[in-house]
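Just so it is clear, the structure is predicted and the values come from calculations on it, not from any experiment.
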4 protein chains.
Amino acid sequence: MPPSVTSDENPLRRKVLDAALELFEERTWDGTNVPEIAARAGVAVGTIYRYFPNKQALGEAVFTEAKTAFANAVITDEVRKADPVTAIKMIWQHQIAFATAYPQAFSFLEHQVHGSYLRPQALEVVHRLNTELVEILQAAQAIGAVRPGDPQLLLSMVFGAFVGVTKYSRASGIPLSAYDWGSIGQAVMSLLGLKDHEPGEFTDP
Amino acid sequence: MPPSVTSDENPLRRKVLDAALELFEERTWDGTNVPEIAARAGVAVGTIYRYFPNKQALGEAVFTEAKTAFANAVITDEVRKADPVTAIKMIWQHQIAFATAYPQAFSFLEHQVHGSYLRPQALEVVHRLNTELVEILQAAQAIGAVRPGDPQLLLSMVFGAFVGVTKYSRASGIPLSAYDWGSIGQAVMSLLGLKDHEPGEFTDP
Amino acid sequence: MPPSVTSDENPLRRKVLDAALELFEERTWDGTNVPEIAARAGVAVGTIYRYFPNKQALGEAVFTEAKTAFANAVITDEVRKADPVTAIKMIWQHQIAFATAYPQAFSFLEHQVHGSYLRPQALEVVHRLNTELVEILQAAQAIGAVRPGDPQLLLSMVFGAFVGVTKYSRASGIPLSAYDWGSIGQAVMSLLGLKDHEPGEFTDP
Amino acid sequence: MPPSVTSDENPLRRKVLDAALELFEERTWDGTNVPEIAARAGVAVGTIYRYFPNKQALGEAVFTEAKTAFANAVITDEVRKADPVTAIKMIWQHQIAFATAYPQAFSFLEHQVHGSYLRPQALEVVHRLNTELVEILQAAQAIGAVRPGDPQLLLSMVFGAFVGVTKYSRASGIPLSAYDWGSIGQAVMSLLGLKDHEPGEFTDP
DNA sequence: CATGAATGAGAATTCATTCAT
DNA sequence: CATGAATGAATTCTCATTCAT
């Protein structure tokens with residue numbers, strides 16, 4: 001069972017969400033069936049339906065919870081108050097910290113392009129997070145600290161590169177905690193063209 | 001129907017593969033049902049089973065065909081003969097060309113981490129391609145042209161960044177052909193720490 | 001392919017009937033599919049439908065042909081002219097001869113209690129044969145040569161005992177030609193209570 | 001619904017087995033479809049799959065249950081303790097009793113030469129019963145009470161004759177209880193050449 | 001409130017039959 | 001006339017959901 005991204009009032013609901021996250025990550029939402037989720041959660045099938053009206057709602061809940069936790073972890077109030085360059089560096093560290101602590105949740109979020117089961121409402125969190133990130137990047141571009149160009153695109157590349165690292169981690173079995181985040185950070189900051197960072201700045205979280 | 005990555009002896013088999021690729025990309029293998037594939041291919045359900053023993057085999061065929069086409073497009077004999085730095089630049093251009101010509105095939109391949117329907121044999125192509133790419137990267141590192149560090153990891157990051165671009169393309173509706181590949185290339189080569197490239201080198205394919 | 005119980009005008013139709021008999025005997029009518037019949041007959045599926053409107057008609061044709069051949073083999077004009085006791089002995093010998101020459105046809109006929117695919121018309125031959133046999137048995141009872149009692153029942157028992165021998169033959173792999181038909185005949189004639197037969201009369205056909 | 005040959009813990013499983021026996025007897029295993037079984041059992045299709053992994057397993061369960069019940073009914077401990085001649089007579093009576101009480105089960109067992117759906121394991125019961133019967137017959141031959149010759153063959157004939165009676169019963173609609181079992185018994189014992197039985201011994205069960 | 005047996009709509013697969021070549 | 005690819009209705013089996021206990 002993966003570590004929960006949030007604590008939950010009800011322990012059974014919690015177990016269901018955790019089991020579901022784990023299985024959706026392993027197999028896909030479509031590829032997972034409800035009895036399996038119940039089995040892994042150690043509850044009866046009927047119990048799942050006490051907490052979620054149907055499988056789609058369970059999927060949305062898993063997604064929304066994970067995405068919200070990710071957004072909150074990555075953009076904190078401290079980040080909001082920091083200058084753009086510092087903010088970017090903090091976000092990078094937060095992302096590493098989140099993906100290290102909750103690898104399954106992170107991986108699950110990764111694959112939700114295909115969210116046939118996600119209604120637009122569930123995607124709001126995604127947009128909010130995106131907007132905030134883009135704004136920070138634009139601010140950094142405005143002061144010439146980051147390479148010019150479509151900020152969305154830059155963001156996608158940076159995030160993509162990080163996802164690449166996590167995929168490699170899962171494929172190779174080498175946990176995220178084992179990487180040389182200093183040099184990965186330098187590489188990624190080069191990608192952004194980020195001026196104004198001293199060598200040795202990026203250290204393992 | 002997406003453009004086919006290969007031509008095929010049998011036109012019905014071809015239509016089935018194309019329709020399946022398209023739907024698997026839109027929805028997931030598990031999330032697509034056989035009648036839908038038949039409908040989109042414009043054939044009867046039974047026809048699919050003339051060419052593929054079952055849905056899993058169809059999934060494998062779609063995957064293997066796309067992955068093989070990708071591998072062949074990316075690493076050509078020319079690439080094999082070139083020096084490491086040139087090879088890397090060629091691969092990068094080939095990847096852009098493939099993803100531009102066959103966006104659905106590329107996107108489909110992207111999401112096949114979850115290939116519950118892929119037997120180990122189907123993953124051979126993946127390993128072969130990977131090995132070749134890593135060797136080229138190592139050669140480039142050996143001559144000091146590329147940032148040191150685990151070549152697999154660097155590869156994952158570069159590929160991840162590119163996937164980030166394609167995801168953004170799909171999400172935003174801006175086709176790959178519309179991007180400033182010159183600056184994207186420079187950004188990515190910075191990620192690799194690639195020495196020895198002149199400004200203005202990376203232009204749209 | 002089993003030996004055909006009749007010769008047939010058309011060689012393809014013949015091959016289909018033979019293959020079908022063989023498969024229906026091995027598997028059941030329901031359990032046999034048309035492509036299999038075609039394969040065993042060495043013809044294309046479509047060819048079957050040139051000679052038989054559908055699978056049911058093919059089943060009926062196989063049945064009717066085999067049953068008719070059996071009836072003609074068992075009750076000949078010679079039998080009809082003979083006295084009841086001689087007739088019974090001849091019928092017994094004919095039955096052995098038929099089952100020996102066409103074991104698959106005989107076995108197939110055996111299992112057609114379940115002829116869900118046989119329309120009443122196809123069962124006419126059965127009734128005709130049965131009527132003739134019963135009449136002979138009644139004549140033998142009338143002259144006190146055979147045990148009294150329902151002649152149908154006696155007939156069922158004698159035929160049942162013979163079927164028992166053929167089943168054993170198929171199960172054990174010992175061909176019918178290898179049995180001691182003399183003593184089997186004596187045993188069965190005891191079952192009928194048949195008076196008036198000398199020892200040593202029943203010999204292998 | 002036929003009378004069940006055994007009682008069963010679970011009433012739904014019981015209903016499914018009973019309905020299946022009935023239909024397999026009427027139509028053949030191949031000729032019966034699962035929804036029909038469900039309908040006759042008065043359960044939903046899915047329910048059948050709660051108790052049996054697939055149609056083949058259901059077929060095997062029906063067969064094994066019926067055959068085991070038959071074996072247990074026919075060879076009891078009393079039979080095992082009796083002298084060969086008495087044992088044979090008891091077996092004969094038991095067989096009549098079983099076929100009278102469970103005509104469908106008996107008829108079903110009859111037609112299972114074609115058990116394409118029976119794995120070897122399911123046929124073990126058959127062999128066990130057969131072995132016991134043959135041993136008893138051999139013992140009777142050893143003391144000269146039964147006609148000499150292959151005991152398997154004699155057994156097949158006696159059983160075949162009995163099956164003949166039951167087939168006639170089903171075809172004619174005259175129930176087994178209506179026959180003159182005394183004279184049938186005498187006829188069959190003549191078939192065996194069974195010495196040492198007094199007239200009038202075989203009476204209806 | 002939790003359970004898990006029962007349900008039946010829907011998904012995968014088979015196969016009798018047709019028909020263009 | 002023979003062929004066998006194509007068809008789609010029928011069949012087996014799965015699984016989201018309900019509901020009596």
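- Along DNA chain E, the nucleotide nearest B:W29 and the nucleotide nearest A:A44 are compared for position; the residue whose nucleotide lies closer to the 5' end is A:A44.
- Qualifying side chain to side chain contact (heavy atoms under 4.5 Å, CB included) partners for D:V34, counting only residues two or more places apart in sequence or in other chains: D:V45, D:I48, D:Y49, D:K55.
- Spacing between atom CD of A:E36 and atom P of F:dC15 amounts to 8 Å, rounded to whole angstrom units.
- Residues forming a side-chain hydrogen bond (donor to acceptor under 3.5 Å, both in side chains) with A:Q56 (at least two apart in sequence, or on another chain): none.
- A search for side chain to side chain contact (heavy atoms under 4.5 Å, CB included) contacts involving A:E26 returns A:E22, A:L23, A:R40, not counting sequence neighbours.
- Checked against side chain to side chain contact (heavy atoms under 4.5 Å, CB included), C:A57 has the following partners two or more places apart in sequence or in another chain: C:P53, C:N54.
- Backbone-only contact: D:V34 has heavy atoms under 4.0 Å from sugar-phosphate atoms and none from a base.
- For DNA chain E, the stems formed by at least three consecutive Watson-Crick or G-U pairs, with both atom-pair distances below 3.5 Å, span E:2-21 with F:2-21.
- For A:S107, the side-chain hydrogen bond (donor to acceptor under 3.5 Å, both in side chains) criterion is met by A:E25, not counting sequence neighbours.
- Evaluation of the salt bridge (charged side-chain N to carboxylate O under 4.0 Å, His left out) rule for D:R50 yields no partner, not counting sequence neighbours.
- The separation between D:N33 atom CG and F:dT12 atom C1' is 9 Å, rounded to whole Å.
- Remark: C:Y51 engages no residue in a ring-ring contact (aromatic ring centres under 6.0 Å, His included) (not counting sequence neighbours).
- Of all the heavy atoms in A:A122 and A:T64, the pair that sits closest is CB-OG1, 4.1 Å.
- Scanning residues 48-55 of chain C for heavy-atom distances under 4.0 Å to DNA chain E yields C:Y49, C:N54, C:K55.
- Residues forming a side chain to side chain contact (heavy atoms under 4.5 Å, CB included) with A:T28 (at least two apart in sequence, or on another chain): A:D30, B:T28, B:D30, B:H114.
- Across the interface with DNA chain E, nearest-nucleotide mapping of D:V43 and C:G46 shows D:V43 to be the residue nearer the 5′ end.
- Along DNA chain E, the stretch of nucleotides lying under 4.0 Å from any heavy atom of chain B spans, 5' to 3', E:dA11 to E:dT14.
- Between D:I37 atom CD1 and F:dC13 atom P the separation is 10 Å, expressed in whole Å.
- Remark on DNA chain F: of its neighbouring residues A:T32 and D:T32, the 5'-side contact belongs to D:T32, judged by nearest-heavy-atom nucleotide.
- Judged as a ring-ring contact (aromatic ring centres under 6.0 Å, His included), and not counting sequence neighbours, the contacts of C:F70 are C:F98, C:F106.
- By the 4.0 Å N-to-carboxylate-O rule, C:E36 lies close enough to C:R27 to be salt-bridged with it.
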